[in-house]
Amino acid sequence: MRDAILRKLTYDLGKSRTGALDRDWFMATALAVRDRVVEPWLNDMRATYNTGQKQVYYLSLEFLIGRLLRDNITNFGLMAEVRAALASLDVDAFKVAACEPDAALGNGGLGRLAACFMDSLASLSIPAFGYGIRYDHGLFRQVIRQGWQEEYPEDWLQFQNPWEFARPEIAHSIGFGGTVEEVVNDDGDTHHVWKPAETVLAVAYDTPIVGWRGKHVNTLRLWSARAADPLKIDVFNRGDHIGALSERVRAEAISRFLYPSDDSPEGLELRLRQEFFFSSAALQDLIRRHLRVYGGIESLPERVAIQLNDTHPAIAVAELMRILLDDHKLPWPEAWRVTHGTISYTNHTLLPEALETWPVSLMERLLPRHMQIIYMINAVHLDAIAAAHPGDLGLLASVSLIEENHGRKVRMGNLAFIGSHKVNGVSALHSELLKKTVFHDLNMLYPGRITNKTNGITFRRWLQQCNPCLTELLTETIGAEFLDRPEALTALKPHAADAGFQGRFAEVKRTNKEALTKLIRQQMGIRVDPAALFDVQIKRIHEYKRQLLNLLETVALYNEIRAQPHNNWAPRVKIFAGKAAASYHRAKLIIKLAHDIARTINRDPTIRDRLKVVFLPNYNVSLAEVLVPACDLSEQISTAGMEASGTGNMKLALNGALTIGTLDGANVEILEHVGAENIFIFGLTTEQVAARRREGWRGQDSINLSPRLQQALESIASGVFSSDDPHRYGELVHMLREHDHFLVTADFDAYFDMQRQVEKRWADQAAWQKSAILNTANMGWFSSDRTIAEYAQEIWRVPVPG
Ligand code: 26W
């Protein structure tokens, strides 16, 4: 390994040992590790073709991967070797690892889920490709200036990406616009030929994805856009050198940026271009591979499973139909059988504003042939329903692929539903709500199509890599079996009440909290006490996730401490991190409020160490890897019925945090697994939330009943935390009093009271540690290996070799 690293440094980077920067050592190490990956990778791909195994294709506009060095090293079992090699070269392995930029090609949960799934697919030896876009710039870098979020471009490819293999020879033509011609052949059959006005090339970049113990290696293939005719030579020769490049700029814009929207589509043409670009490239790529191995297209459903990660690749339904009808000349019913048998779709949100729709006019202009096909799918679909339910116009309107009311739009959720043999939600509650709400009528027409696949997380990254001390303690205590079989963590249960083990478990947590303490001091200049309760809310900033509820409780607690400074308050550090969509004004105001509250509390001499508030900037996968192992209390407090699943909740509980949460998303299943004594559940249920909204309830109704909440709101409204601009939060407080769509005020008292229960448990450290241990012991089921095994068996119908 030492020689390999030195060779890379010399011959690939052209550097000497003395002149090498940490970043050069990172590149050299990554390239040396990558060399170990290549042979098993090529062998696995060959074996897949030779044995005719079914391939899984995961289509996702987001892959939120983070760093890969430690991931590849642990999965390949090379940790000791690499450490020793770097040590012998006098190189600090931690500094080297820290040089790797995060691959932040995703916004949040959906993107991170895709990354966990890639890890599990490889670890279960299921042959799979991830298909997405190689954005030049991932999710924006968040800078906080005077408490306000500012967005800066992120530049992860600045110093080259050592993990990827450029494949300039793998380039598919992606068409846009133009016309559709009807051609009648000698047999009198009509065929359609799409003549795009514009062609862009999708060029492949491959990253090998190493499974646990290096057993299997899959491919993440990301597409980069290139102009088909990068330099218009006629224009160039006329002397217009800049104009000659304009086509290139327009084409390459497709893979320039990740859309930083979260839970609300921006409705921009460029976004639709991105969606079609990568869906079409993926289909062309996998069909070419299929034909090379199997000859005929009809066998696609037996050999290929395509999973749509949300509706972002839903246009694949129409594109696959187009390829089958126009290029392969399949009759409609046969094309539909192949499409429907191959594709399935995962829904990640119930928020109506997040369900994608595209104006018919835009679709007709950008994808004229696809629009024809969508009309045809709709006609076949609606004819069948009209025959079975004569006269039910309401039903037809609700299940149609076209929304007729607010300007004609294509409903991508309905297209994905109709085009799929299975549709799944991401937690038990969410899947049930899908049947009751957004897909109520479609579920009635196609019973059994909706299934549940509760999300999971990869324990390789979210336990072994991010929490090596806990991993070591677990291995010493219950053996190494849990590394391969996460359910084996239950062997920990008998140790939960053992005072000696509790002490060691607490010591591990303390070590992790010290590391976070150091980071907080370095980044923010704030001193926190690692002995305090670390209360953590880390996720996208969104009203439904209710960071505002947490902040209101912080203010109320602050008021109580000030009123009775001599009480025996349990020292607490409230830690926040997360990004707001750049255009989401109210979420950005909530970030500012967190900073205003933090500044006031942290500098109040009566409070001292009893309460500290910290907002860590630029939340990303790497920061999560420090926060997750150091958390005591995990905040999962969304309005019931609104968080599809959550996966941060799983990461924190696995690492021994106790959850304070609502009965929402996967919290419900976490409760079932860890037991009611080991989790703090509060607040309105989904049904109660719905009832309140139906009854026309207003925030003021709840505020009137809670003097504590009144006081907290008044202090915010009157400028206690914003003396420089006392009315800054007038809008926010007004919204809570009048609308409060997310029922922050309705859940306030229950939340406040539950936080006092948390303090009681914290005061009894033996009881707390016991609960924390039982969380770790009972979280095995939430491994994404379990989730992927379920997809494999029930949706993709591929064997799980194990
Ligand atoms: C088109 C704009 C847009 C962008 C992203 C709409 C919707 C999204 C995603 C649905 C946002 C997302 O990440 N959803 C999260 O998915 C996770 C993985 O299933 C769940 O755990 C989270 O509850 C869900 O919010």
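Computed from heavy atoms alone, side chains included, the values below leave out hydrogens, waters and symmetry copies. Whatever order the structure lists them in is the order used to number ligands and atoms, beginning at 1. By convention here, the first residue in the shown sequence is residue 1.
In summary, the atoms of ligand 1 found under 4.0 Å from a heavy atom of A644, numbered by their order in the structure, are 23 (O). Ligand 1 places these atoms under 4.0 Å from at least one heavy atom of Y544: 25 (O). Those atoms of ligand 1 with a heavy atom of D310 less than 4.0 angstrom away are 10 (C). Applying the 4.0 Å criterion to heavy atoms of V426 picks out, from ligand 1, the atoms 19 (O).
In this structure S344 satisfies the side chain to side chain contact (heavy atoms under 4.5 Å, CB included) test together with Q307, H421, K422, I795, W796, sequence neighbours excluded. Judged as a side chain to side chain contact (heavy atoms under 4.5 Å, CB included), and not counting sequence neighbours, the contacts of L105 are Y135, W156, L222.
Atom CG of D747 sits about 7.0 Å away from atom OG1 of T639, to the nearest 0.5 Å. Atom CZ of R271 is separated from atom CZ of F277 by 14.5 Å, given to the nearest 0.5 angstrom.
Where the criterion is an N or O separation shorter than 3.5 Å, residue side chain and backbone included, H348 meets it with respect to ligand 1. Considering backbone and side-chain atoms together, E62 places no N or O closer than 3.5 Å to any N or O of ligand 1. Not a single N or O atom of L113, backbone or side chain, sits closer than 3.5 Å to an N or O atom of ligand 1. The distance criterion of under 3.5 Å between nitrogen or oxygen atoms is met by S645 with respect to ligand 1.
In this structure, G665 falls outside the shell of residues with a heavy atom less than 4.0 angstrom from ligand 1. In this structure, R271 counts as a contact residue of ligand 1, since one of its heavy atoms falls inside 4.0 Å of the ligand.
Salt bridge E794/K453: present, at least one basic N to carboxylate O contact under 4.0 Å.
Among G109, P260, G108, G646, the residue whose heavy atom sits closest to atom 20 (C) of ligand 1 is G646. Counting only non-hydrogen atoms, the option in R112, H430, E643, M412 that gets closest to atom 22 (C) of ligand 1 is E643.
More than 12 heavy-atom neighbours from other residues, nucleotides or ligands sit within 6.0 angstrom of CZ on R786.
Side-chain polar atoms of T647 and R112 form no donor-acceptor pair below 3.5 angstrom.
Not a single donor-acceptor pair under 3.5 Å links the side chain of E319 to the backbone N or O of S280.
Between L429 and the choices L434, T686, N452, the side chain to side chain contact (heavy atoms under 4.5 Å, CB included) rule is met once, by T686.
Neither the backbone nor the side chain of T346 comes within 4.0 Å of ligand 1, counting heavy atoms alone.
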